[in-house]
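These values consider heavy atoms only, across backbone and side chains, with no hydrogens, waters or symmetry-generated copies. All figures in this text were calculated on a predicted structure; none of them were measured in a lab.
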Amino acid sequence: MNKPQGLVAALGAERSETRLRAALAAGTDPEPELLDELVARCGVEPDFYVRDMLTWAITRYPVERTVPAVTAELESSCAQARSQALHTLSKIGDGSTWSAITRELLTDEDDEVSRSAWRAAVVLVPGNERAALAAILASQFGRGDADMHRSLSRALVELGDAADHAVALAQRSPDPVIRGHAAATEQLAADPESAFVFDIDLARRAAALGE
């Protein structure tokens, strides 16, 4: 068995340690024929650390090959494949991939996909698109659990002044949950080192009471 075939087998091994070592080896000494397998494995690999190593390995290949292969995964019906592809694009950091971060991905019904899209978008967005991106992100205020709230707020904070209008507009929403999340985002922007504080249960109680 030659080296690429051996690594392909190891990437699908039962033990996560074996898969991790195989991904490390694939990135340490990139073999052209392994790229498609690395990309495909991202969509099915169950271990977070192995997935992260797969992403690192992919970034070791030439951009002209990785970008088309990874971008194609954004059309996958598999949520993990879309999510990991977005994460990988953020690590590749090629600005030409910005157009692949669509509104559909930014508002994907799968929380991990949308969260990965937020993170990738703030890395790849060109300056003249930052305010438009902020408006789309602001449409997601109040969505999901505390981790989602924090991720969205940090993405908006990363956009700096370009997000100010969208955040201010959300604070005038009739929905107390949206207003509360937007206010917490504004506070985080004022002090990025502070803890993120948004009590969604309190906001929901206020909404139920009509306050």
Side-chain angles (χ1 to χ4, degrees), residues 1-102 104-125 140 143-155 158 196:
M1 182 180 295
N2 62 31
K3 179 182 175 182
Q5 289 176 330
L7 284 178
V8 168
L11 287 168
E14 182 176 351
R15 290 175 56 85
S16 61
E17 294 87 349
T18 302
R19 301 195 305 274
L20 184 67
R21 287 196 297 271
L24 174 61
T28 300
D29 186 16
E31 297 277 356
E33 56 266 50
L34 280 176
L35 178 60
D36 289 343
E37 179 65 23
L38 293 170
V39 173
R41 284 297 309 175
C42 285
V44 297
E45 172 54 54
D47 187 279
F48 169 82
Y49 296 104
V50 178
R51 289 199 303 274
D52 215 37
M53 188 64 77
L54 288 168
T55 283
W56 172 79
I58 291 168
T59 65
R60 300 274 295 163
Y61 285 75
V63 171
E64 59 270 20
R65 289 202 60 208
T66 59
V67 166
V70 175
T71 302
E73 292 294 284
L74 299 180
E75 302 293 332
S76 173
S77 60
C78 172
Q80 181 176 303
R82 298 196 303 278
S83 176
Q84 197 66 24
L86 287 159
H87 174 65
T88 303
L89 287 177
S90 75
K91 296 301 183 182
I92 293 171
D94 186 334
S96 70
T97 61
W98 158 246
S99 61
I101 314 299
T102 61
E104 288 73 23
L105 289 168
L106 292 165
T107 60
D108 196 285
E109 63 182 15
D110 185 275
D111 286 349
E112 287 305 314
V113 174
S114 56
R115 183 155 55 178
S116 294
W118 302 341
R119 292 168 177 164
V122 299
V123 170
L124 299 170
V125 62
Q140 303 298 290
R143 172 182 173 177
D145 60 13
D147 286 340
M148 286 288 286
H149 302 156
R150 188 180 301 106
S151 292
L152 180 62
S153 292
R154 292 201 178 280
E158 285 292 319
F196 174 76

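- Remark: A72 pairs with no residue by the side chain to side chain contact (heavy atoms under 4.5 Å, CB included) rule, at least two apart or across chains.
- With a 4.5 Å cut-off on side-chain heavy atoms, E112 and Q80 do not count as touching.
- Contacts classified as salt bridge (Lys or Arg N to Asp or Glu O under 4.0 Å) and involving residues 87-96 (residues at least two apart or in different chains) are not found.
- In this structure, D145 has no side chain to side chain donor-acceptor pair (under 3.5 Å) partners at least two apart in sequence or on a different chain.
- Atom CH2 of W118 is separated from atom OG1 of T107 by 10.0 Å, given to the nearest 0.5 angstrom.
- Looking at residues two or more places apart in sequence or on another chain, you find no salt bridge (Lys or Arg N to Asp or Glu O under 4.0 Å) involving E33.
- Closest non-hydrogen pair, A69 versus V39, comes out as O-CG1, 3.8 Å.
- Separation of atoms CD (Q5) and CD (E37) is listed at 11.5 Å; rounding is to 0.5 Å.
- When all heavy atoms are compared, the tightest approach of T18 to A13 is CG2-CB, 3.6 Å.
- Interatomic distance, T66 OG1 to I58 CD1, rounded to the nearest 0.5 Å: 8.0 Å.
- Taking A121 as the reference, W98, I101, L106, L133 meet the side chain to side chain contact (heavy atoms under 4.5 Å, CB included) condition, with sequence neighbours excluded.
- A heavy-atom distance below 4.5 Å is found between the side chains of L54 and L11.
- Listed by chain and residue number, nothing satisfies the side chain to side chain contact (heavy atoms under 4.5 Å, CB included) test with S99 (two or more places apart in sequence, or in another chain).
- Looking at T71, D108, T97, V113 one by one, the single match for side-chain contact (heavy atoms from CB on, under 4.5 Å) with L86 turns out to be V113.
- Put simply, the side chain of S90 gets close to the backbone of H87: a donor and an acceptor are under 3.5 Å apart.
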Full working for side-chain contact (heavy atoms from CB on, under 4.5 Å) between L74 and L89: CA-CA 10 Å; L74 299 180; L89 287 177; 3.9 Å; yes
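- Scanning all heavy atoms of the two residues, the minimum distance from L38 to A26 falls at CD2-CB, 3.9 Å.
- For E73, there are no side chain to side chain donor-acceptor pair (under 3.5 Å) partners two or more places apart in sequence or in a different chain.
- The salt bridge (Lys or Arg N to Asp or Glu O under 4.0 Å) check on E104 picks up nothing, with sequence neighbours excluded.
- Within the 3.5 Å criterion, the main-chain N or O of L24 finds a donor-acceptor partner in the side chain of T28.
- In this structure, P68 and V63 approach most closely via the heavy-atom pair CD-O, 4.0 Å.
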Applying side-chain hydrogen bond (donor to acceptor under 3.5 Å, both in side chains), run through T55 and Q84 and close with a yes or a no. CA-CA 8 Å; T55 283; Q84 197 66 24; 2.9 Å; yes
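- Legend: residues meeting side chain to side chain donor-acceptor pair (under 3.5 Å) with R21, ordered by chain and number and at least two apart, are absent.
- Rounding to the nearest 0.5 angstrom, the gap separating the NE2 atom in H149 from the CD atom in Q140 is 11.0 Å.
- Residue pairs meeting the salt bridge (Lys or Arg N to Asp or Glu O under 4.0 Å) criterion with at least one partner in residues 43-72, sequence neighbours excluded, are R19-E45, R41-E45.
- Every residue two or more places apart in sequence or in another chain that forms a side chain to side chain contact (heavy atoms under 4.5 Å, CB included) with S76 is listed here: C78, A81, R82.
- Taking the side chain to side chain donor-acceptor pair (under 3.5 Å) definition, one finds that S114 meets it with R143, sequence neighbours left out.
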